[in-house]
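Let me begin by presenting the structure, written as structure tokens, before commenting on it.
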Amino acid sequence: MAGQNLSVKTYSYGGFNIDGLVLDSVFNTVTGDGATQTTNWKMNNNKSALPLTVAGFGGVQLFVFEAITDSISTAQADALIDYVKGGGILITSTEGTKITGNIFLNKYIGEALLCNTATLTV
């Protein structure tokens, strides 16, 4: 991945920041909202902003999703799965997050992608 330019979309229920400098050191140059970022991004905390379909990612190559205890719809979880299956990079912290039907999101995504967990250490 190093040396590639990636477009980024961020989403958080808590409105947290992500460190653009860390992502820049991993991916070389990362763009968010059409401009090169060299500092922190304020993550969008509008629940409706999480796409309901994979088309909602609109060419975004890297999606950072942070949620701890809130829940999302099955359609939103399926959109995340389709995004990864289509080649998108998903960085997520969703401990405790559930989808409709009281299923943990990590378990739902992991089973759909046939994996347990993936980590990135910088």
Side-chain angles (χ1 to χ4, degrees):
M1 278 303 156
Q4 295 186 16
N5 295 330
L6 298 176
S7 58
V8 177
K9 183 172 184 175
T10 61
Y11 176 83
S12 171
Y13 284 119
F16 293 101
N17 291 330
I18 59 171
D19 193 333
L21 293 175
V22 170
L23 291 179
D24 188 60
S25 70
V26 174
F27 296 111
N28 188 31
T29 300
V30 182
T31 61
D33 300 324
T36 300
Q37 301 293 309
T38 56
T39 59
N40 290 345
W41 288 293
K42 181 69 172 177
M43 297 176 75
N44 182 345
N45 63 359
N46 178 358
K47 187 171 185 175
S48 65
L50 189 61
L52 293 171
T53 66
V54 70
F57 291 99
V60 172
Q61 297 163 295
L62 171 62
F63 184 64
V64 181
F65 172 46
E66 185 279 331
I68 301 301
T69 57
D70 225 323
S71 64
I72 67 172
S73 70
T74 302
Q76 290 169 317
D78 289 341
L80 288 170
I81 291 165
D82 290 342
Y83 171 72
V84 173
K85 285 182 175 178
I89 301 166
L90 173 64
I91 297 176
T92 182
S93 171
T94 57
E95 181 182 354
T97 303
K98 295 183 179 181
I99 60 169
T100 306
N102 213 26
I103 300 168
F104 283 102
L105 179 61
N106 286 344
K107 182 178 186 326
Y108 186 82
I109 290 176
E111 289 176 354
L113 297 175
L114 302 177
C115 66
N116 187 3
T117 60
T119 60
L120 171 65
T121 304
V122 180

Query - All side chain to side chain contact (heavy atoms under 4.5 Å, CB included) counterparts of Ala75, not counting sequence neighbours - result: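 Applying side chain to side chain contact (heavy atoms under 4.5 Å, CB included) to Ala75 gives Leu52, Ser73.
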
Worksheet item: Should Ile81 and Leu113 count as side-chain neighbours, where that means a heavy-atom distance under 4.5 Å?
Response: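 Result yes, sub-4.5 Å side-chain heavy-atom pair found.
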
Inset, instruction - For Phe57, enumerate each residue passing the ring-ring contact (aromatic ring centres under 6.0 Å, His included) test, keeping only those at least two apart in sequence or located in another chain. - result: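 Per chain and number, Phe57 pairs via ring-ring contact (aromatic ring centres under 6.0 Å, His included) with Phe63, Tyr83.
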
Minimum heavy-atom distance [X]-[Y], with the two atoms named:
X     : Y     : value
Ile99 : Ala77 : CG2-CB, 3.7 Å
Pro51 : Ala79 : O-CB, 3.7 Å
Val60 : Leu62 : CG1-O, 3.2 Å
Ser71 : Thr97 : CA-CG2, 4.3 Å

*asked:* The test is side-chain contact (heavy atoms from CB on, under 4.5 Å); show your working for Ile91 and Phe65 and say whether it passes.
replied: CA-CA 6 Å; Ile91 297 176; Phe65 172 46; over 6 Å; no

Note to self: If the condition is salt bridge (charged side-chain N to carboxylate O under 4.0 Å, His left out), which residues does Lys107 pass it with, not counting sequence neighbours?
What the structure shows: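 Residues passing salt bridge (charged side-chain N to carboxylate O under 4.0 Å, His left out) with Lys107: Glu111.
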
To the nearest 0.5 Å, how far apart are CD1 in Ile109 and CG in Leu80?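 Interatomic distance, Ile109 CD1 to Leu80 CG, rounded to 0.5 Å: 5.0 Å.
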
Taking atom CD1 of Ile103 and atom NZ of Lys98, what is their separation to the nearest 0.5 Å?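 Answer for the CD1-NZ pair, Ile103 versus Lys98, is 10.0 Å.
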
(request) Could you name each residue pair satisfying ring-ring contact (aromatic ring centres under 6.0 Å, His included) that touches residues 90-112, not counting sequence neighbours? (result)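 Passing the test, one end in residues 90-112: no pairs.
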
